[in-house]
Trainee: 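Have a look at this one.
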Amino acid sequence: MSRLTVDSAMLAKLQGLSQPVDVCDDQGRIVGHFVPSAALELDIPEEELDRRAANFHGRPLETLVAEWERRK
């Protein structure tokens, strides 16, 4: 992934955000999206994650790929 260094004025606007935002140019056109690291953190208790893992009834990746290939 590439990096973009922001100036102090933009940094001040981005700090403290907890939700993703569109980044626009001075014409209002979206040039990208900013997702603050706080928005990526999950607040799910370890017990809930364990419960979900124990009850997961997925299918093997090979099966999903084969079905996708047949639909082409």
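Numbering starts at 1 and runs along the sequence shown. The model shown is predicted, which means the values in this text are computed figures rather than measured ones. Computed over heavy atoms, backbone and side chain alike; hydrogens, waters and symmetry mates excluded.
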Trainee: Roughly how far, to the nearest 0.5 Å, is OG1 of Thr5 from CE of Met10?
Mentor: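 Spacing of CE (Met10) from OG1 (Thr5) equals 13.0 Å.
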Trainee: For a quick test of reading the model, state the closest non-hydrogen atom pair linking Ser18 to Pro36 and the distance between them.
Mentor: C-CG, 3.9 Å
Trainee: Find out if a path of hydrophobic residues (ILVMFWY) with successive side-chain heavy-atom gaps under 4.5 Å connects Val35 to Val6.
Mentor: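 No: no chain of side-chain contacts under 4.5 Å links Val35 to Val6.
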Trainee: Are Val21 and Val31 grouped together when hydrophobic residues (ILVMFWY) are joined by side-chain heavy atoms under 4.5 angstrom apart?
Mentor: yes
Trainee: Distance check, rounded to the nearest 0.5 Å: Glu69 atom CD versus Leu64 atom CG?
Mentor: 12.0 Å
Trainee: If you round to the nearest 0.5 Å, how far is CD of Glu67 from CZ of Arg71?
Mentor: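 The CD atom of Glu67 is 6.0 Å from CZ of Arg71, to the nearest 0.5 Å.
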Trainee: Can you tell me how far CG of Leu14 sits from CZ of Phe34, rounded to the nearest 0.5 angstrom?
Mentor: 4.5 Å
Trainee: Below 4.5 Å, heavy atoms only, C-beta onward: do Glu62 and Val65 meet side chain to side chain?
Mentor: no
Trainee: Working to the nearest 0.5 Å, report the span between CZ of Arg52 and CG of Asp50.
Mentor: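 These two atoms lie 11.0 Å from each other.
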Trainee: Is there a chain of hydrophobic side chains (I, L, V, M, F, W, Y, each step under 4.5 Å between heavy atoms) that links Val23 to Leu11?
Mentor: yes
Trainee: Rounded to the nearest 0.5 Å, how far does CG of Asp22 lie from CD1 of Ile30?
Mentor: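 Between atom CD1 of Ile30 and atom CG of Asp22 there are 3.5 Å.
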